[in-house]
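Encoded as structure tokens, the structure appears first; notes follow it.
The figures here come from the full heavy-atom set of this structure, side chains too, leaving out hydrogens, waters and symmetry mates.
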Amino acid sequence: MQTVALSVAIVCLLAGAVYGGLMFDRPCPTNVPVKQYFEVDSYLGKWYEMQRYESEFEENFDCVQVRYTLNEDDSVQVSNSAYNLFNGSSINALGRAVLSFPDEEVVQGKLNVSFFGAPNDLSNYWVLDTDYETFSVVWNCQPRGEEQSEESFWVLSRTPTLPADTDVLFRIHYIMRRYIDRSLVRFTSQLDERCPVF
């Protein structure tokens, strides 16, 4: 039973839920810009996780993949998969995502992601930048009291390695320099021969 509970927590984390992110002794930053004129249809498809903020619940999971497909009600189905290279276990879970503010004139890259029938009312998946074809930088911050916050961070790629394109790398590192503690970033293994094809 403990293994099931741990798997549920891990899956929530991998998809943008905020349980178990990194704790910081500071309020959530208020000046973090997100992708403007966000295009849900262009964001659909398969992504590979390249980097993330580690947490105790995600420890030892690699080969992380996420697939976004459109539901009939225009929400997005989220399918998360990960593999533990140490013990051979894998996890997979389905979730649902909707735009956080769909009626704004300029659609922002802010989404509400939830799993296992949980309420879908928290803006917890912010796409800070993406070109839709090669990379995406995702971040989330939730307040935990007046002077603490809990943050999550991911770099995603359409392929198991980041492209060598200098413009893409500049855009990723520009965000990381401004908003991310790079000493806390964990690289996700995608090229290990044990990684399954999800």
Practice prompt. In sequence, state the C-alpha distance, the side-chain angles, and the governing distance for M176 and V137, and then conclude on side chain to side chain contact (heavy atoms under 4.5 Å, CB included).
Written response: CA-CA 9 Å; M176 292 179 72; V137 179; 5.8 Å; no

Discussion item. Run the side chain to side chain contact (heavy atoms under 4.5 Å, CB included) test on S114 and L122 for me, step by step, so that the C-alpha distance in whole Å, both residues' side-chain angles and the decisive distance to 0.1 Å come before the verdict.
Written reply: CA-CA 8 Å; S114 63; L122 181 66; over 6 Å; no

Worksheet item: So W139 and I180, side chain to side chain contact (heavy atoms under 4.5 Å, CB included) or not? Walk me through it.
Response: CA-CA 9 Å; W139 176 81; I180 303 303; 3.8 Å; yes

Worksheet item: Checking side chain to side chain contact (heavy atoms under 4.5 Å, CB included) for the pair Y83/S90: CA distance, chi angles, key distance, verdict?
Response: CA-CA 4 Å; Y83 184 75; S90 62; 4.0 Å; yes

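One hydrophobic cluster, built from ILVMFWY side chains closer than 4.5 Å, cannot hold both L85 and F187; they sit in different ones. Hydrophobic clustering, with ILVMFWY side chains joined whenever heavy atoms are under 4.5 angstrom apart, keeps V185 apart from M23. A continuous path of hydrophobic side-chain contacts links V32 to L184 [ILVMFWY only; heavy atoms under 4.5 Å]. In this structure, V98 is not a member of the same hydrophobic cluster as L44, with clusters built from ILVMFWY side-chain heavy atoms closer than 4.5 Å.
Two residues are said to be in side-chain contact when any heavy atoms from C-beta on lie closer than 4.5 Å; Y179 and Y174 fail this criterion. Considering only heavy atoms from C-beta on, Y48 stays 4.5 Å or farther from T161 through its side chain. Taking 4.5 Å as the limit, some side-chain heavy atom of Q36 sits within range of a side-chain heavy atom of V34. By the 4.5 Å heavy-atom criterion applied to side chains, V138 and Y125 are counted as neighbours. P27 is listed as a side-chain neighbour of E147, based on a closest heavy-atom distance under 4.5 Å. In this structure, T134 and D165 have side chains that are not in contact, with every pair of non-hydrogen atoms separated by 4.5 Å or more. Counting heavy atoms from C-beta on, the side chains of R67 and Q77 never come closer than 4.5 Å. The closest side-chain heavy-atom distance from W154 to R52 is below 4.5 Å.
Side-chain atoms of K35 do not come within 3.5 Å of backbone N or O of V127 as any donor-acceptor pair. Without hydrogens or angle criteria, D167 side chain to R171 main chain gives no donor-acceptor distance under 3.5 Å. A donor-acceptor pair is defined here as one N or O able to donate and one able to accept, closer than 3.5 Å; such a pair exists between the side chain of T130 and the backbone of F135. N120 contributes a side-chain N or O that, together with a main-chain N or O of R96, makes up a donor-acceptor pair within less than 3.5 Å. Of the possible polar contacts, none joining the N60 side chain to the N84 backbone as a donor-acceptor pair under 3.5 Å is found. Side-chain atoms of D25 do not come within 3.5 Å of backbone N or O of Q148 as any donor-acceptor pair.
Residue D62 forms a side chain to side chain donor-acceptor pair (under 3.5 Å) with just one option from R194, Q190, R186, and that option is R186. Each of R144, Q142, R26 was compared with E151 under the side chain to side chain donor-acceptor pair (under 3.5 Å) criterion, and only R26 meets it.
When all heavy atoms are compared, the tightest approach of M50 to S157 is CG-CB, 3.7 Å. Shortest non-hydrogen contact noted between L169 and P163 is CD2-O, 3.7 Å. Scanning all heavy atoms of the two residues, the minimum distance from P33 to N31 falls at CD-O, 3.1 Å. Scanning all heavy atoms of the two residues, the minimum distance from S75 to L70 falls at O-CD1, 3.5 Å. For the residue pair F24 and L22, the shortest heavy atom distance occurs at CD1-O, 3.6 Å.
Atom CD of E133 has 12 or fewer heavy atoms from other residues, nucleotides or ligands within 6.0 Å.
Rounded to the nearest 0.5 Å, atoms OG1 (T188) and CD (E54) are 8.0 Å apart. Remark: Y68 OH to D41 CG distance equals 14.5 Å, nearest 0.5 Å. W126 CH2 to C141 SG: the interatomic distance, rounded to the nearest 0.5 Å, is 8.0 Å. Between atom CG of residue N140 and atom CZ of residue F153 there is a gap of 12.5 Å, rounded to the nearest 0.5 Å. Here OG of S123 is found 6.0 Å from NZ of K110. Values are rounded to the nearest 0.5 Å. The distance from the CG atom of D181 to the OH atom of Y53 is 5.5 Å, given to the nearest 0.5 Å.
The closest side-chain donor-acceptor pair between Y43 and S136 falls under 3.5 angstrom.
The cationic group of R158 lies under 6.0 Å from the six-membered ring centre of W47 and within 45° of the ring axis, placing it in a cation-pi geometry.
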